[in-house]
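Heads up: the structure comes next, in structure tokens.
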Amino acid sequence: MSKNRIIMHIDTNSAFLSWQAVYDIQSGEKTDLREIPSAVGGNQADRHGIILAKSIPAKKYGIQTGEVIWQAKQKCPELVIVPPNYYLYMKCSNTLYDLMKGYSPVLQRFSIDEMFLDYTGLEPHFGDPITAAHLIKDHIHRELGFTVNIGISINKLLAKIAGDLKKPDMVHTLWPEEIPKKMWPLPVGDLFMVGRQTQKKLLDLNITTIGELANTDRKLLQMKLKSHGNLIWCYANGLDESAVHSGYFLQMKGIGNSTTIRFDVTDYRTAYKILLSLTESVAFRLRAAKSCCRVVSIEIRTSELNYYTHQCRLHNATNITNEIYRNVVLLFGEAWKGEKIRHLGVRVTDLCCDEYMQASIFDETNADKKQALDTAIDIIREKYGNTAVMRAVFADYEFAPMTGGSGAEDYPVMSSIL
DNA sequence: TCTGGGGTCCTAGGACCC
DNA sequence: TCTGGGGTCCTAGGACCC
């Protein structure tokens, strides 16, 4: 047990929107999106119409992340909505990460816009934690043009909650002795890992604040909420021993792509085309991660928003596009009940190192040749873009030959265990 | 007017083995 | 004449995160 850890949580304020605003201004745009009611949102015509990030003026109208765009516009008719630019966000995220590396070697990327930094033992370099946090925050603002919140405490959980206390452009501490005053009065839903469902269950137990949760009998919570009850009781009491995992140490557990389709899909032909496009990018990312998978799964969301999945275990681990796709097609055939389809997804899990890929002795499908083909195509695509080589079914450009994903820039993102 | 897309972990229940 | 009990693996579904 490390007793005197100092952990910081760095969180970009309205990340997508801030990054977009900085980019626009650097490109000569006069209006700063951060100063007007604005949001980054998907395209309604393509049925991607939700709010991904909002400005602080937009927040004052009660606009929420995840909300559908037409609802947000009802709250604020003059709301300016700009489309997302994930490539830009990835670049901004990488730039922020590179800057932060100058402050501590122990740095964990937690999501595209959040990081944990272990400041333990670094006071001789940058001063006490509060001074250092201001230094970092102002450095980011000066150098990169956007603001962050920094939370400081003795573990990741408390640092994260500290960072959320008041935004934007702030440094907060949440030391253990500050818990009763700063954390316990907060609504229980503000606690990490207490989502809507858990909140509802806690309300049945008359628990509405983090403090009430902290002072509830642990056994009772465990009985009602199983292991999750134990977890959130610990969190409510500020207990978390997890380490800051630096760099790319964390290993990916799965790779998936899914997409909401512009129209409802009602036939196999169209579904196969979309599934192939998804499989192409999943398999590409799998190979880029030098991995193979042992489990393939598909997901279907119907126009009624019902959702189900189907998966299978492979005899031999693979990363061959055609091999994964063959299983995807089988799974889809078994699972689809014929409803109108709104959304399709492909995911691979149970990953292993590609060195262990073994050709089955009964495999008459020439794995070596297929793999060589995939490798050749990957190289061309990395060099000339995703449309440089594509299958004939995509030649009409009705669908992209590869869907979703962030390519080789993948890194392990959030984990529900800090 | 209609709710994205990327993840992780946990649990229940069935199959199977000894 | 009456089907125990423990362990493991697998799948589907649900909860959570940003």
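It should be emphasised that the depicted structure is a prediction, and the values quoted were computed from it without experimental measurement.
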Inset, instruction - Kindly say whether the aromatic ring centers of A:Tyr103 and A:His139 come within a distance under 6.0 Å. - result: yes
Inset, instruction - Go through B:dG5, C:dG13, C:dC17 for me and flag the one nearest to the A:Thr259 side chain. - result: B:dG5
Inset, instruction - Give one of base, sugar-phosphate or nothing for A:Gly254, where a contact means two heavy atoms less than 4.0 Å apart. - result: sugar-phosphate
Legend entry - Approximate separation, where rounding is to 0.5 Å, of A:Lys160 NZ and A:Leu165 CG: 12.0 Å
Legend entry - Inter-nucleotide P distance (C:dG4, B:dG14), Å rounded: 15 Å
Inset, instruction - Look at all strands and tell whether A:Thr198 reaches a base, only sugar-phosphate, or nothing, counting heavy atoms closer than 4.0 Å. - result: sugar-phosphate
Legend entry - Nearest listed nucleotide, side chain of A:Arg313, among C:dT11, B:dT8, B:dA12: C:dT11
Legend entry - Closest to side chain of A:Met193, choosing from C:dC18, B:dG7, C:dC17: C:dC17
Inset, instruction - Please name the residue in the list A:Phe110, A:Phe116, A:Tyr119 that meets the ring pair (Phe, Tyr, Trp, His ring centres under 6.0 Å) test with A:His9. - result: A:Phe116
Inset, instruction - Please examine the side chains of A:Val329 and A:Leu275, heavy atoms only from C-beta on, and report whether any two atoms are closer than 4.5 Å. - result: no
Legend entry - Nucleotide C:dA15, atom C1' - distance to CG of A:Leu225 in whole Å: 11 Å
Inset, instruction - Output yes when at least one side-chain N/O atom of A:Lys226 is less than 4.0 Å from OP1 or OP2 of B:dA12, else no. - result: yes
Inset, instruction - Would you mind classifying the nucleic acid contact of A:Val194 as base, sugar-phosphate or nothing, using non-hydrogen atoms under 4.0 angstrom? - result: sugar-phosphate
Inset, instruction - Could you check whether A:Gly195 gets within reach of a base, just the sugar-phosphate, or nothing at all, counting any heavy atom under 4.0 Å? - result: sugar-phosphate
Inset, instruction - Answer yes or no: is there a donor N or O on one side and an acceptor on the other, between the side chain of A:Ser55 and the main chain of A:Ser38, under 3.5 Å? - result: yes
Output a table of donor-acceptor pairs, distance under 3.5 Å, between side-chain atoms of residues 143-150 of chain A and any protein atom two or more places apart or on a different chain; print 'none' if there are none.
{"from": "A:Thr147", "atom 1": "OG1", "to": "A:Asn13", "atom 2": "OD1", "distance (Å)": "2.8"}
{"from": "A:Asn149", "atom 1": "OD1", "to": "A:Asn13", "atom 2": "ND2", "distance (Å)": "3.2"}
{"from": "A:Asn149", "atom 1": "OD1", "to": "A:Asp169", "atom 2": "N", "distance (Å)": "3.0"}
{"from": "A:Asn149", "atom 1": "OD1", "to": "A:Met170", "atom 2": "N", "distance (Å)": "3.2"}
{"from": "A:Asn149", "atom 1": "ND2", "to": "A:Gly163", "atom 2": "O", "distance (Å)": "2.8"}
{"from": "A:Asn149", "atom 1": "ND2", "to": "A:Lys166", "atom 2": "O", "distance (Å)": "2.8"}

Inset, instruction - Mind running side chain to side chain donor-acceptor pair (under 3.5 Å) on A:Arg347 and A:Thr309 for me, showing each step along the way? - result: CA-CA 10 Å; A:Arg347 160 163 295 276; A:Thr309 61; over 6 Å; no
Inset, instruction - Measure the distance from CD1 on A:Ile298 to C1' on B:dG5 and round it to the nearest whole Å. - result: 17 Å
Legend entry - Nucleotide nearest A:His228 when distance is taken to its side chain, options C:dC16, C:dA12, B:dG6: C:dC16
Inset, instruction - Between C:dG13, B:dC9, B:dG5, spot the one nearest the side chain of A:Ser258, thanks. - result: B:dG5
Legend entry - Listed nucleotide nearest any side-chain atom of A:Phe192, set C:dC18, B:dG6, B:dA12: C:dC18
Legend entry - Any A:Lys160 side-chain nitrogen or oxygen under 4.0 Å from OP1 or OP2 of C:dC18: yes
Inset, instruction - Take the protein atom CG of A:Asn43 and the nucleotide atom P of B:dT1, then report the distance between them rounded to whole Å. - result: 18 Å
Legend entry - Range-with-range stems of DNA chain C (Watson-Crick or G-U pairs under 3.5 Å, three or more in a row): B:5-18 with C:5-18
Legend entry - Side-chain ion pair, A:Glu67 and A:Lys75, N-O less than 4.0 Å: yes
Inset, instruction - Assign A:Gln71 to base, sugar-phosphate, or nothing according to its heavy-atom contacts below 4.0 angstrom with the strands shown. - result: nothing
Legend entry - Whole-Å distance separating the OH atom of A:Tyr307 from the P atom of C:dG13: 9 Å
Inset, instruction - Just compare B:dG4, B:dT1, B:dG7 and give me whichever is closest to any side-chain atom of A:Gln74. - result: B:dT1
Inset, instruction - Give A:Ile69 one of three labels, base, sugar-phosphate or nothing, depending on what nucleic acid heavy atoms sit under 4.0 Å from its own. - result: nothing
Inset, instruction - Determine: side-chain N/O of A:Lys253 to OP1/OP2 of B:dG7, distance under 4.0 Å, yes or no. - result: no
Legend entry - Value in whole Å for how far the P atom of B:dG5 lies from CD1 of A:Ile261: 9 Å
Legend entry - Closest nucleotide among C:dA12, B:dG4, B:dG7 to the A:Arg285 side chain: B:dG7
Inset, instruction - On the 0 to 90° scale, with breaks at 30° and 60°, tag the A:Phe332-A:Tyr268 ring pair as parallel, tilted or perpendicular. - result: perpendicular
Inset, instruction - Rounded to the nearest angstrom, tell me the gap between atom CG in A:Leu278 and atom P in B:dG4. - result: 15 Å
Inset, instruction - Let me know, please, whether A:Trp70 or A:His343 comes out on the 5' side of the other along DNA chain B by nearest nucleotide. - result: A:Trp70
Legend entry - First of A:Ser227 and A:Phe16 reached from the 5' end of DNA chain B, by closest nucleotide: A:Phe16
Inset, instruction - Test salt bridge (charged side-chain N to carboxylate O under 4.0 Å, His left out) on A:Arg47 and A:Asp264 and set out the steps. - result: CA-CA 10 Å; A:Arg47 310 203 290 189; A:Asp264 288 341; 2.9 Å; yes
Legend entry - Presence of A:Asn257 side-chain N/O under 4.0 Å of B:dG6 phosphate oxygens OP1/OP2: yes
Inset, instruction - Taking only the side-chain heavy atoms of A:Asp113 (C-beta and beyond), determine which of B:dG5, C:dC18, B:dC10 contains the nearest atom. - result: C:dC18
Inset, instruction - Return the value, rounded to whole Å, for the distance between atom CD of A:Gln197 and atom C1' of C:dC17. - result: 15 Å
Inset, instruction - Nearest whole angstrom, please: distance from the C1' of C:dC17 to the CD1 of A:Ile112. - result: 14 Å
Inset, instruction - Tell me whether the OP1 or OP2 atom of B:dG7 has a side-chain N or O from A:Arg347 closer than 4.0 Å. - result: yes
Inset, instruction - Determine: side-chain N/O of A:Thr260 to OP1/OP2 of B:dG5, distance under 4.0 Å, yes or no. - result: yes
